[in-house]
Amino acid sequence: MRFVWVMLLVGCFSFAQGTSDDPAATRTRLIALENAWNQAQLRGDSKALEALVTEAFVYTDYDGTIYNKAQFLEDNHDPAYRMTLVTNDTVAVFLYKGTAVVIGAYHAKGSYKGKSFDHYGKFTDTWVFDKGQWRCAATHTNLIKK
């Protein structure tokens, strides 16, 4: 019985951390997750990205291509795709009950199949509080400048 109470307390604490009543703390957490996403892309670490997205994740790329979770992770792990820089700027977080929308600008550099790219764009990420943590459910990017 004691184990059950401990597990309930741990569960409540975990839930409270993720759905904090402190909007500033939640915004800081989501921006940290966005930065972790960038680092995972730089390393080609699909396992780290997998932990950041929901099972039904959908990604709409700047060219209109739509990827599901498996396709997105496979694309990130493609050895022909090499990122050298991914940064976010002018990030804003809009909070709703159990959901957040993060918008901002990005700069991505690297190469794909030996051809260099240097992209500037905007992004919109929709995060949901899922299974005790924030996970991204949908991403949309818009290319501003190549």
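Just so you know, residue 1 is the first one in the sequence shown, and it goes up from there.
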side-chain contact (heavy atoms from CB on, under 4.5 Å) evaluation trace for Ile103 with Phe123: CA-CA 6 Å; Ile103 63 169; Phe123 70 90; 5.8 Å; no

Chi angles and distances behind the side chain to side chain donor-acceptor pair (under 3.5 Å) call for His140, Asp61: CA-CA 6 Å; His140 183 266; Asp61 207 351; over 6 Å; no

Test log, rule side-chain contact (heavy atoms from CB on, under 4.5 Å), inputs Tyr81 and Phe117: CA-CA 10 Å; Tyr81 181 64; Phe117 64 85; 3.9 Å; yes

Candidate pair Phe72 and Leu49, rule side-chain contact (heavy atoms from CB on, under 4.5 Å), full reasoning: CA-CA 9 Å; Phe72 170 72; Leu49 282 176; 4.0 Å; yes

Evaluation steps, side-chain contact (heavy atoms from CB on, under 4.5 Å), between Leu95 and Arg27: CA-CA 8 Å; Leu95 299 175; Arg27 285 184 176 93; 3.9 Å; yes

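Shown here are the salt bridge (charged side-chain N to carboxylate O under 4.0 Å, His left out) partners of Glu55, two or more places apart in sequence or in another chain: Lys69. The side-chain contact (heavy atoms from CB on, under 4.5 Å) test applied to Arg135 returns Thr54, Asp130, Lys131, Gln133, not counting sequence neighbours. Shown here are the side chain to side chain donor-acceptor pair (under 3.5 Å) partners of Arg43, two or more places apart in sequence or in another chain: Asp45.
Residues Leu73 and Val58 do not share a hydrophobic cluster, defined by chaining ILVMFWY side chains whose heavy atoms lie under 4.5 Å apart. Each of Val128 and Leu33 belongs to its own hydrophobic cluster when Ile, Leu, Val, Met, Phe, Trp and Tyr are linked at side-chain heavy-atom distances under 4.5 angstrom. Tracing side-chain contacts under 4.5 Å through hydrophobic residues (I, L, V, M, F, W, Y), one never reaches Leu85 starting from Tyr62; they form parts of separate clusters. Placement of Tyr120 and Trp37 in two distinct hydrophobic clusters is found when ILVMFWY residues are connected by side-chain heavy-atom separations under 4.5 Å, directly or transitively.
Here the shortest heavy-atom pairing between Leu42 and Val86 reads CD2-N, 4.0 Å. In this structure, Asn76 and Ser46 approach most closely via the heavy-atom pair ND2-OG, 3.3 Å. Shortest non-hydrogen contact noted between Ile144 and Gly121 is CG1-CA, 3.6 Å. Nearest heavy-atom pair across Gly114 and Ser111 is C-CB, 4.5 Å. When all heavy atoms of Leu30 and Ala100 are compared, the closest pair comes out as CD1-CB, 3.4 Å. Tyr96 and Val101 get closest at one heavy-atom pair: CE1-CG2, 4.0 Å.
If you take CD on Gln41 and CG on Asp75, they are separated by 9.0 Å, rounding to the nearest 0.5 Å.
A heavy-atom distance below 4.5 Å is not found between the side chains of Tyr59 and Ile66. Side-chain atoms of Val102 and Glu34, non-hydrogen and from C-beta on, do get closer than 4.5 Å to each other. Side-chain atoms of Cys136 and Val53, non-hydrogen and from C-beta on, do get closer than 4.5 Å to each other.
Annotation: Tyr106 is not in aromatic contact with His119 [ring centroid separation under 6.0 Å not met]. Taking the centre of each ring, Phe57 and Trp127 stay at or above the 6.0 Å mark.
Atom CZ of Arg82 has 12 or fewer neighbouring heavy atoms from other residues, nucleotides or ligands inside a 6.0 Å radius. A 6.0 Å sphere centred on CD of Glu74 holds no more than 12 heavy atoms belonging to other residues, nucleotides or ligands.
Just one of Thr141, Asn88, Thr139 meets the side-chain hydrogen bond (donor to acceptor under 3.5 Å, both in side chains) condition when paired with Asp125; it is Thr139.
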